[in-house]
Amino acid sequence: MGHCSSTTSATTPTTTVTIDTKANQLPHAAVAPASSSQPKHAMLSYQWASQELVKNVYTFLRSKNLAVWMDINGGMSANIYQCMAEGVENANVVVCFLTQKYQNSENCQQELQYTRTKNIPILPVRLERDWKPTGWLGLVTAGLLWVDFRGCNASNYSEYAELLYQQIQTILHPSISNTVVAPSESNANEAPSHQLSIPTKKFEQESLALQTQP
């Protein structure tokens, strides 16, 4: 891999031109390895159509004194690839909010695949009913524990955010049990259903099989 900049000189008169080659590099070449002195955080990876929900989750996790990285809250600057790479490299877990639009996003693909190459834990959150990740996303998330946000809305997001927080703590502190409480999805006019203590779900094995179909 070459240097991040190069220098060219003319003889008469002497001039020096410095060319910045970082701007268009992909995340794996965008920055030097992150310094171990930088604080670690939970990175929130999402497609912009999910931004309002993710903003609420960000606020909830920060209220729990968890260090959280989100692009619109100081995480992003002019060079998108450099900032994406720094966000990943300084993460101790990457929480990805999965939708069809996330799967279709080139930036989201680069971000999550780079996370995998850095061996950083990935915690998928599923947002859409009647949809499963396939293709590159099915491959990256196959077999991973995931958190079910498919019943989440503006009025109950804190219940789901608490569920997510518990699972993040399980990843950061493996001695904590990964048994979490699933939020109730009962209607407002019905008696609340019993909340069951269940393990966080795994992606079904067919998610990997689907992406190999012709």
Visitor: Name all pairs fulfilling the salt bridge (charged side-chain N to carboxylate O under 4.0 Å, His left out) condition that reach into residues 41-59, sequence neighbours left out, sorted by first residue then second.
Guide: Glu52-Lys55

Visitor: Which value, rounded to the nearest 0.5 Å, describes the distance between Thr141 atom OG1 and Leu112 atom CG?
Guide: 8.0 Å

Visitor: Measure the OH-CD distance between Tyr102 and Gln109 for me, rounded to the nearest 0.5 Å.
Guide: 10.0 Å

Visitor: Determine whether Asn107 and Trp48 satisfy the following criterion, side-chain contact (heavy atoms from CB on, under 4.5 Å), listing intermediate values before the conclusion.
Guide: CA-CA 11 Å; Asn107 283 343; Trp48 276 65; over 6 Å; no

Visitor: Do the side-chain N and O atoms of Ser155 and Asn153 include a donor-acceptor pair separated by under 3.5 angstrom?
Guide: yes

Visitor: Do Ile122 and Cys96 pass the side-chain contact (heavy atoms from CB on, under 4.5 Å) test, and can you show the C-alpha distance, the side-chain angles, and the key distance before you say yes or no?
Guide: CA-CA 7 Å; Ile122 296 172; Cys96 50; 3.7 Å; yes

Visitor: Within the 4.5 Å heavy-atom criterion, are Trp69 and Asn90 side-chain neighbours or not?
Guide: no

Visitor: So, for Gly151 and Arg129, which heavy atoms are closest and what is the spacing to 0.1 Å?
Guide: CA-NH2, 3.5 Å

Visitor: Check whether any side-chain heavy atom of Leu127 lies under 4.5 Å from a side-chain heavy atom of Tyr46, and answer yes or no.
Guide: no

Visitor: Test of understanding: with ring-ring contact (aromatic ring centres under 6.0 Å, His included), list the residues that count as partners of Tyr165, not counting sequence neighbours.
Guide: none

Visitor: Of all heavy-atom pairs between Met84 and Glu111, which one has the smallest distance, and what is that distance?
Guide: CG-OE2, 3.5 Å

Visitor: Ala49: what forms a side-chain contact (heavy atoms from CB on, under 4.5 Å) with it, not counting sequence neighbours?
Guide: Gln47, Lys101

Visitor: How long is the gap from CG on Asp130 to NZ on Lys132, to the nearest 0.5 Å?
Guide: 10.0 Å

Visitor: Output the distance between atom CZ (Arg62) and atom NZ (Lys64), rounded to the nearest 0.5 Å.
Guide: 13.5 Å

Visitor: Is any side-chain heavy atom of Val68 closer than 4.5 Å to one of Phe60?
Guide: no

Visitor: For Cys152, enumerate each residue passing the side-chain contact (heavy atoms from CB on, under 4.5 Å) test, keeping only those at least two apart in sequence or located in another chain.
Guide: Leu53, Phe149, Asn156, Tyr157, Tyr160

Visitor: Restricting to side-chain contact (heavy atoms from CB on, under 4.5 Å), what partner residues turn up for Ala42, sequence neighbours left out?
Guide: Leu66, Val93

Visitor: How long is the straight-line distance from OG1 of Thr115 back to CD of Gln110, given to the nearest 0.5 Å?
Guide: 11.5 Å

Visitor: Can you name the nearest heavy-atom pair linking Ile120 to Asn92, along with the distance?
Guide: CG2-C, 4.1 Å

Visitor: Not counting sequence neighbours, which residues clear side-chain contact (heavy atoms from CB on, under 4.5 Å) with Gln103? List them please.
Guide: Gln100, Trp131, Pro133, Thr134, Trp136, Leu137

Visitor: Report yes or no: does His41 contribute a side-chain atom to a donor-acceptor pair with the main-chain N or O of Met70 at less than 3.5 Å?
Guide: no

Visitor: How close do Thr99 and Ser50 get, counting heavy atoms only, and between which atoms?
Guide: CG2-OG, 3.8 Å

Visitor: Quick one: CD1 on Ile168 to CG on Leu163, what's the gap to the nearest 0.5 Å?
Guide: 10.0 Å

Visitor: Please examine the side chains of Asp148 and Trp146, heavy atoms only from C-beta on, and report whether any two atoms are closer than 4.5 Å.
Guide: yes

Visitor: Compare every heavy atom of Val147 with every heavy atom of Leu164, then report the nearest pair and how far apart it is.
Guide: CD1-CG2, 4.2 Å

